[in-house]
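Let me begin by presenting the structure, written as structure tokens, before commenting on it.
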2 protein chains.
Amino acid sequence: MTDERRAAALEHLMTVGRQHSMVTVMFHSAIAAKQGLNATEEKTLDVLQRRGPLTAKDLAEHTGLAPASVTGMLDRLQAKGFVRRVKHPTDKRRVLVELDETRLAELAVFFEEWARDIVRACEEFDAQELETVNRFLEVMTEAQSRATARLTG
Amino acid sequence: MTDERRAAALEHLMTVGRQHSMVTVMFHSAIAAKQGLNATEEKTLDVLQRRGPLTAKDLAEHTGLAPASVTGMLDRLQAKGFVRRVKHPTDKRRVLVELDETRLAELAVFFEEWARDIVRACEEFDAQELETVNRFLEVMTEAQSRATARLTG
DNA sequence: GTAGTTAGTTCGTCCGAACGAAATATTTGT
DNA sequence: ACAAATATTTCGTTCGGACGAACTAACTAC
């Protein structure tokens, strides 16, 4: 009986999860399009956000681009105001790339509105339910991460 | 007390949700890369999957591409074996585009493996918890969908 | 200090993917 | 039946973004 109910929920999850993935991807690319960023540029910004300032070489490795391509991409990102080239403290050959906070602040404004929307949508869930959801998302993030690595590597 | 716990869970949700979005997007683009599809081609396949066989004109509207571009993209998708051009039953000017099942079947094999992984990851959740998760994902899908529309339109 | 290595840029090139305009085939309207 | 409208393709062009090779500047090792 409970087994049956669980099986039904699990099957439903497949459908619902698929739809959720879809709109997540669409949302993501809508944001990118709004900012006039292509996939490579986004990836670069994402890497910088997580790992902090990096050299062009580091970025080349993370993105898989040739050195010349990194130069071109950084030119574009800099022109759009998303990043800055700053001099490396010890090695004058290197170029440190860091995010431009002012540009990120503009983004933050948009995300705040979005976050409020999310919070409102969560009103119908109590503390315990939200904790369950968190646990689920963590487990899923792990699984998706593994699956991606399996595909990429 | 419970309010505090809920607030903590909600804040945690923001972090966890962001990470989950990130890996979802990465997973998605890893699949696309594996199949040798670009963003436009993917979008087209997605539309066809949801709305069934469509004419080139319909696809032009859904993708926002010029007619000439649709022709080129369909040539590519057809060459890769993802779609077929079939003649329209009543109007010989039109071209109906439909998905190639055999190609999708290959994909299905991969997704089955992935689904098993997901099911295993869900073992730690009982029926009630999965129902909560489903409800959450539905609510979120709605919210994300609205946010995307707000950005796009 | 000189040779060799490393980081990044510049330059010329190439390719995929988009476009508009013109061409073709077919349907619709009168 | 004939003109206008519609769906798609073809063709020539353009543009962004990637590349390799050559170049410059700076660090490292001996």
Side-chain angles (χ1 to χ4, degrees), chain A residues 29-30 32-48 51-100 152, chain B residues 29-30 32-48 51-100 152:
Chain A
S29 56
K34 194 80 177 182
Q35 297 177 304
L37 295 174
N38 66 27
T40 313
E41 290 159 356
E42 266 190 285
K43 178 161 192 171
T44 301
L45 293 181
D46 176 49
V47 171
L48 287 173
R51 318 232 170 181
L54 293 175
T55 67
K57 180 130 215 284
D58 294 333
L59 288 173
E61 280 158 11
H62 278 102
T63 58
L65 290 178
S69 312
V70 173
T71 299
M73 188 200 50
L74 291 180
D75 289 345
R76 298 195 305 269
L77 279 179
Q78 200 165 27
K80 291 173 193 160
F82 285 100
V83 302
R84 257 190 312 273
R85 282 175 168 99
V86 302
K87 54 184 168 203
H88 192 281
T90 69
D91 189 339
K92 287 184 212 150
R93 288 171 306 176
R94 301 189 205 191
V95 168
L96 271 182
V97 182
E98 58 181 38
L99 293 171
D100 188 321
T152 306
Chain B
S29 56
K34 195 80 176 181
Q35 298 177 306
L37 295 175
N38 65 25
T40 313
E41 290 159 356
E42 266 190 285
K43 178 160 193 171
T44 301
L45 293 181
D46 176 48
V47 172
L48 287 173
R51 317 230 172 183
L54 293 176
T55 67
K57 181 132 214 286
D58 293 333
L59 289 173
E61 280 158 12
H62 278 102
T63 58
L65 290 177
S69 311
V70 173
T71 299
M73 188 200 50
L74 291 180
D75 289 347
R76 298 195 305 268
L77 280 178
Q78 199 165 26
K80 291 172 192 161
F82 286 100
V83 302
R84 256 191 311 275
R85 282 175 168 99
V86 301
K87 54 185 166 203
H88 193 282
T90 68
D91 189 338
K92 286 184 213 152
R93 287 172 306 178
R94 300 187 203 191
V95 168
L96 271 182
V97 181
E98 57 179 41
L99 294 170
D100 188 321
T152 306

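In this text the structure is predicted, and so the values were computed from the model without any measurement. Throughout, a chain's letter reflects where its sequence line sits, starting with A, and its residues are numbered from 1.
The side-chain heavy atoms of B:Val83 and B:Asp100, taken from C-beta on, include no pair separated by under 4.5 Å. Within the 4.5 Å cutoff, no side-chain heavy atoms of A:Thr44 are placed close to those of A:Phe82. The side-chain heavy atoms of B:Arg76 and B:Leu37, taken from C-beta on, include no pair separated by under 4.5 Å. By the 4.5 Å heavy-atom criterion applied to side chains, A:Lys43 and A:Thr40 are not counted as neighbours. For the pair B:Met73/B:Asn38, no side-chain contact is recorded, criterion being any heavy-atom separation below 4.5 Å from C-beta on. By the 4.5 Å heavy-atom criterion applied to side chains, B:Gln78 and B:Arg85 are counted as neighbours. B:Leu59 has its side chain within reach of B:Leu74: a pair of non-hydrogen atoms, C-beta onward, lies under 4.5 Å apart.
The neighbour count for A:Arg51 CZ, taken as heavy atoms of other residues, nucleotides or ligands under 6.0 Å away, does not exceed 12.
Not counting sequence neighbours, B:Lys34 has no partner by the side chain to side chain donor-acceptor pair (under 3.5 Å) test. For B:Lys92, the salt bridge (Lys or Arg N to Asp or Glu O under 4.0 Å) criterion is met by no residue, not counting sequence neighbours.
The side chain of A:Asn38 contributes no N or O atom lying less than 4.0 Å from OP1 or OP2 of D:dG16.
Taking 4.0 Å as the cutoff to heavy atoms of chain A, we find the contact window on DNA chain C bounded by C:dT6 to C:dT10.
Secondary structure note: stems in DNA chain D built from 3 or more consecutive Watson-Crick or G-U wobble pairs under 3.5 Å occupy C:1-30 with D:1-30.
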A:Thr90 vs A:His88, side chain to side chain contact (heavy atoms under 4.5 Å, CB included): CA-CA, chis, key distance, verdict
CA-CA 6 Å; A:Thr90 69; A:His88 192 281; 3.2 Å; yes
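We find that CG of A:Leu37 is positioned 15 Å from P of D:dG16, with the value rounded to whole Å. Residue A:Lys43 contributes atom NZ, which lies 12 Å from atom P of D:dA18 at whole-angstrom precision.
Near-neighbour residues of DNA chain D inside residues 56-78 of chain B, defined by a heavy atom below 4.0 Å, number-ordered: B:Ala56, B:Lys57, B:Pro67, B:Ala68, B:Thr71.
Looking only at distances, a side-chain donor or acceptor of B:Arg84 sits under 3.5 Å from a matching main-chain atom of B:Leu99.
The one candidate from A:Asp46, A:Leu54, A:Leu48 that meets the side chain to side chain contact (heavy atoms under 4.5 Å, CB included) condition with A:His62 is A:Leu54.
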Would you mind building the protein contact string for nucleotides 23-30 of chain D? One character per nucleotide, 5' to 3', B for base within reach (heavy atoms under 4.0 Å), S for sugar-phosphate only, - for untouched.
--BBS---
